[in-house]
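Index from 1, following the sequence. Remember, it's 1-based here, ligands and their atoms both numbered in the order they're listed.
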Amino acid sequence: MSWVWSAQAEPFACLRFILARVLTLHVSLAERSYPILIGDDLLADAPLLGRHLSARDLLLVSNTTVAPLYAERVRNALSDRRIVDVRLPDGEQYKTMEYLARVLDVLVANRFGRDCVVLALGGGVVGDLAGFSAACYQRGVAFAQMPTTLLAQVDSSVGGKTGVNHPGGKNMIGAFHQPSAVFADISTLRTLPLRELRAGLAEVVKYGLIFDLAFLDWIDKNVDALLALDPAALAHAIHRSCELKADVVRRDERETGDRALLNLGHTFGHAIETATGYTEWLHGEAVAAGMVIAADMSARLGMLPASDVQRVKDLLQRIGLPVEAPRFGAQRALDCMRVDKKVKSGRIRLVLLEQLGAARFTADYADDALTSTLATHFG
Ligand code: NAD
Ligand code: GLY
């Protein structure tokens, strides 16, 4: 259960966490720059929250699962402010225009001005919806992310993608709107269901696969510590993931280039989520199976040795993630992949692995490699 200190792990981040209990990263985006704070019990840390949230009026958006666990902590830490609560029902099916309108109604009804701050306390669903409400209200007010799932701490709270779903597609309506701060409180992961923790770890593995072999090696050695919620191991995993994401967002905020690399496994995973109606598979689970398929297709194209595909599969399996797609048919998978946002001029663009720790976003691949990959994995 103890985590492995290795030459690959960034030693200063580990040391800083052990000494200070808070790691700070900076997302550099000129006037939209902001800090990511990672540590234990951040949501109860009145001086820290006070330093980063100067507004008098705060709208605390959460849901019916997370608010009973953590809203009081935030309220107590910010007891000198006017805080209005919004509790959304829990679930992806409520990430809609209807619930967005409800949040906006509360802002209007309470006469919040442009100097208010929207606080998003919860997983990616709350973060995306609350962030989009901040992007829309009075043409844009500040918001801060308080992510409480591992997926939200390593991915959705960073980078400014906000939005809601539409019956015609997931995340169809939205805006790029960067938060003013991200408070990733590791202690909140203690109440997270294990299945959700595993789904978040799929995204952590994703960063290693795309950008950083040393980080992938570190994850390999620390799976047990991560699953046992070892705080130093989690802090390092979140810190390195956010560092890698912040770097790609700094280079390509609006996803016209490199940011698309973050979609490794997502196009195949999207087919699984769409074909199963977004009810059976968690997003991170579909991404896990999708990353195995992307690795296998990279091997078919001669980019990756078969032993690396097996390594990806073994790691995800040790985390407890699914590595086999449901066999609903290659044609169905292809149809689902064709409605993905990454399709350009009718051609499916994919993230493939050049090696472990380096990826390429491309439409330039042999069609029979895709056909045989889909036949093998979807039947
Ligand atoms: P989620 O927000 O639905 O949270 C998962 C479940 O865990 C929910 O039931 C939630 O109430 C519960 N929960 C959250 N924190 C908890 C805690 N600490 N203790 C106990 N229960 C807790 O799911 P998610 O995986 O966090 O996010 C998925 C969403 O994120 C999707 O809507 C996806 O589109 C979006 N997303 C956005 C981005 C982005 O860049 N904006 C990136 C990836 C995913
Ligand atoms: N989750 C992918 C992105 O933020 O770009």
Region of Asp155 that comes within reach of ligand 2 [heavy atoms, distance under 4.0 Å]: side chain

Around [atom], find the nearest protein heavy atom and jot down its residue, atom name and distance.
atom: atom 5 (O) of ligand 2; answer: Arg259 NE, 2.7 Å
atom: atom 4 (O) of ligand 1; answer: Thr149 CG2, 3.6 Å
atom: atom 17 (C) of ligand 1; answer: Thr191 OG1, 3.5 Å
atom: atom 38 (C) of ligand 1; answer: Ser156 CB, 3.2 Å
atom: atom 15 (N) of ligand 1; answer: Thr148 OG1, 2.7 Å

4.0 Å heavy-atom contact, Lys245 with ligand 1: yes

Donor-acceptor pair, [X] side chain versus [Y] backbone, under 3.5 Å?
X: Lys245; Y: Val158; answer: yes
X: Asp41; Y: Ala44; answer: no
X: Arg240; Y: Gly208; answer: no
X: Asp45; Y: Leu48; answer: yes

Non-hydrogen atom of Lys245 closer than 4.0 Å to ligand 2: yes

Nearest option to atom 28 (C) of ligand 1, as decided by whichever heavy atom of Leu192, Val126, Asp185, Leu151 sits closest: Leu151

Give the atoms of ligand 1, by number and element, whose distance to some non-hydrogen atom of [X] is under 4.0 Å.
X: Glu196; result: 5 (C), 6 (C)
X: Lys170; result: 31 (C), 33 (C), 34 (O)
X: Asn63; result: 10 (C), 11 (O)
X: Thr65; result: 11 (O), 21 (N)
X: Tyr70; result: 18 (N)
X: Asn171; result: 34 (O)

N/O separation below 3.5 Å, [X] to ligand 1:
X: Val125; answer: yes
X: Gly124; answer: yes
X: Asp90; answer: yes
X: Glu92; answer: yes
X: Lys95; answer: yes
X: Asp155; answer: no

Criterion side-chain contact (heavy atoms from CB on, under 4.5 Å) on Leu43 and Met146, from CA distance to verdict: CA-CA 8 Å; Leu43 298 184; Met146 295 179 157; 3.9 Å; yes

What part of [X], side chain, backbone, both or neither, has a heavy atom within less than 4.0 angstrom of ligand 1?
X: Val66; answer: side chain
X: Lys161; answer: both
X: Asp128; answer: side chain

Looking only at heavy atoms, which two atoms of [X] and [Y] are closest? And how far apart?
X: Asp252; Y: Arg259; answer: OD2-N, 2.8 Å
X: Asp90; Y: Tyr94; answer: O-CE1, 3.5 Å
X: Ala202; Y: Leu321; answer: CB-CD1, 3.7 Å

Mutual orientation of the aromatic rings belonging to Phe378 and Phe328 [parallel < 30°, tilted 30-60°, perpendicular > 60°]: tilted

Val312: which of Leu315, Asp314, Leu316 passes side chain to side chain contact (heavy atoms under 4.5 Å, CB included): Leu316

Interfacing atoms of ligand 2 (cut-off 4.0 Å, heavy-atom, Leu262): 3 (C), 5 (O)

Close-contact set for ligand 2 against Glu255 heavy atoms, below 4.0 Å: 5 (O)

Heavy atom of protein inside 4.0 Å of atom 33 (C) of ligand 1, strictly below: yes

Intermediate values then yes/no, salt bridge (Lys or Arg N to Asp or Glu O under 4.0 Å), Arg75 and Asp85: CA-CA 10 Å; Arg75 279 189 157 277; Asp85 270 288; 2.7 Å; yes

Short N or O distance, Lys161 and ligand 2, threshold 3.5 Å exclusive: yes

Single-linkage hydrophobic cluster, 4.5 Å side-chain cutoff, Leu352 and Ile293 together: yes

Transitive ILVMFWY side-chain link Leu129 to Val125, under 4.5 Å: no

Residue Asp364 excluded, over 12 heavy atoms near CG under 6.0 Å: no

Ring centre gap for Phe143 and His177 strictly below 6.0 Å: yes

Verdict with reasoning, Val343 to Val339, per side-chain contact (heavy atoms from CB on, under 4.5 Å): CA-CA 7 Å; Val343 172; Val339 293; over 6 Å; no

